[in-house]
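The structure that follows is given in the form of structure tokens.
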Amino acid sequence: MSSAATDMRHYRLGKPLVVAIDGPSGSGKSSVSRETARRLHAAYLDTGAMYRAVTWHCLDTGVDLQEAASVEKASREVDLKISTDPDHELVSVDGTDVTLAIREPSISSAVSAVATTLGARAELIRRQQQIIADSGRRIVAEGRDITTVVAPDAEARILLTASEEARLRRRGIQLGGTQGDAQLQEQVLTRDAKDSTVVNFHEAADGVFTVDSSDLDFEETVEAVLAAVRSAAH
Ligand SMILES: Nc1ncnc2c1ncn2[C@@H]1O[C@H](COP(=O)(O)OP(=O)(O)OP(=O)(O)O)[C@@H](O)[C@H]1O
Ligand SMILES: Nc1ccn([C@H]2C[C@H](O)[C@@H](COP(=O)(O)O)O2)c(=O)n1
């Protein structure tokens with residue numbers, strides 16, 4: 001085990017440690033945050049999965065994604081459950097397991113409509129803050145507005161970035177080469193452009209530490225995030 005990981009293993013259990021991680025699509029937020037949570041013996045919250053789950057619910061029940069009031073109402077009424085165990089991925093909507101379904105390209109293409117509906121955002125932010133409180137404030141939470149809106153008081157706040165080229169390449173590999181260049185651009189860059197109209201995840205806010213993973217492999221990125229947590233939270 002590396003020195004940074006070893007140090008963090010000894011980070012005092014029981015002490016509040018909220019780690020907030022934001023960044024653009026494909027930068028590695030979910031995978032790196034999940035592994036960071038494991039090493040910190042912390043919970044893990046994938047807030048993007050919550051936006052995806054509401055999108056799945058709207059499409060499943062015929063809610064018009066262009067109707068802001070309907071989307072907001074759906075976000076308030078849906079029974080949405082999400083696992084915060086980094087070793088157990090589970091998202092359910094009204095009792096249906098949607099863990100895999102919310103990762104489909106059709107959801108990636110539609111999710112910005114929910115993410116840019118301000119009433120739905122307010123509801124999901126409220127739920128995310130409740131989940132963080134319920135974790136006993138020992139959690140790694142990732143998304144687009146965690147460092148700025150959901151948990152601006154986090155012990156460690158990190159912007160995880162990577163070049164467009166790296167993000168498109170990683171997403172292409174992740175989807176098993178099933179998507180062409182235009183589809184990948186739509187799912188990564190076009191989606192980021194839409195989402196950026198309501199939240200800034202390209203620049204670090206004051207006090208937020210930037211980790212650029214463009215030239216780092218996965219393990220090096222986790223190490224860099226742990227080092228940032230250690231320096232911010234000790
Ligand atoms: N530093 C890295 N080097 C190489 N591959 C990486 C690195 N970090 C993450 N990956 C891989 O890149 C892919 C995309 O990562 P991930 O899904 O975590 O990104 P994300 O930022 O959560 O994306 P999105 O916001 O679109 O869900 C995954 O297959 C992941 O294993
Ligand atoms: N805190 C968050 C988390 C996610 N979103 C939006 C932006 C994405 O298009 C969508 C899905 O997120 P992903 O699974 O790709 O990380 O949800 C947001 O606006 N705020």
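Both counts, for ligands and for their atoms, begin at 1 and track the order of listing.
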Could you establish whether P24 and ligand 1 come within less than 4.0 Å of each other, counting only heavy atoms on the residue side?
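It does, in that a heavy atom of P24 comes within the 4.0 Å cut-off of ligand 1.
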Heavy atoms only: which of L124, D192, D195 is nearest to atom 7 (C) of ligand 2?
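Shortest heavy-atom distance from atom 7 (C) of ligand 2: D195.
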Short list, please: which atoms of ligand 1 are under 4.0 Å from a heavy atom of K29?
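Those of ligand 1 that fall under 4.0 Å from K29 are 18 (O), 19 (O), 20 (P), 21 (O), 22 (O), 23 (O), 24 (P), 25 (O).
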Under 4.0 Å, counting heavy atoms only: does G23 come that close to any atom of ligand 1?
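Per 4.0 Å heavy-atom rule, G23 does not contact ligand 1.
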Proximal ligand 2 atoms for A115, defined as those under 4.0 Å from one of its heavy atoms
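With A115 as reference, the close atoms of ligand 2 come out as 6 (C), 19 (O).
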May I ask you to identify the nearest protein heavy atom to atom 17 (O) of ligand 1, giving residue, atom name and distance to one decimal place in Å?
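Ranking protein heavy atoms by distance from atom 17 (O) of ligand 1, first comes Q174 NE2, 3.2 Å.
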Could you report the tightest heavy-atom contact between R34 and P86, atom names first, then the distance?
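Closest approach of R34 to P86, heavy atoms only: NH1-O, 3.0 Å.
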Ligand 1 N/O within reach of E142 N/O, cut-off under 3.5 Å
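Between E142 and ligand 1 (N or O atoms, distance only) the closest approach is not under 3.5 Å.
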Taking only heavy atoms of T221 into account, list the atoms of ligand 1 that are under 4.0 Å away from them.
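Matching atoms, with element in brackets: 1 (N).
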Per-atom contacts, ligand 1 versus L216 - under 4.0 Å to a heavy atom:
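Listed by number with element: 1 (N), 2 (C), 3 (N).
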Donor-acceptor pair, N200 side chain versus H202 backbone, under 3.5 Å?
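Here the side-chain-to-backbone pair exists.
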Atoms of ligand 1 less than 4.0 Å from R191 heavy atoms?
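Close to R191: 26 (O).
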Find all atoms of ligand 1 within a distance of less than 4.0 Å from any non-hydrogen atom belonging to R144, and give their numbers and elements.
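In order of number, 25 (O).
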Determine, considering heavy atoms only, which of R121, K29, R52 sits nearest to atom 13 (P) of ligand 2.
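Ranked by closest heavy atom to atom 13 (P) of ligand 2, first place is R52.
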Assess V199 for proximity to ligand 2: is some non-hydrogen atom of it under 4.0 Å away?
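Heavy atoms of V199 never come under 4.0 Å of ligand 2.
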Who's the nearest protein heavy-atom neighbour of atom 31 (O) of ligand 1, and how far?
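So the nearest neighbour among protein heavy atoms is S31 OG, 3.9 Å.
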Close approach, G48 and ligand 1, non-hydrogen under 4.0 angstrom
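Heavy atoms of G48 never come under 4.0 Å of ligand 1.
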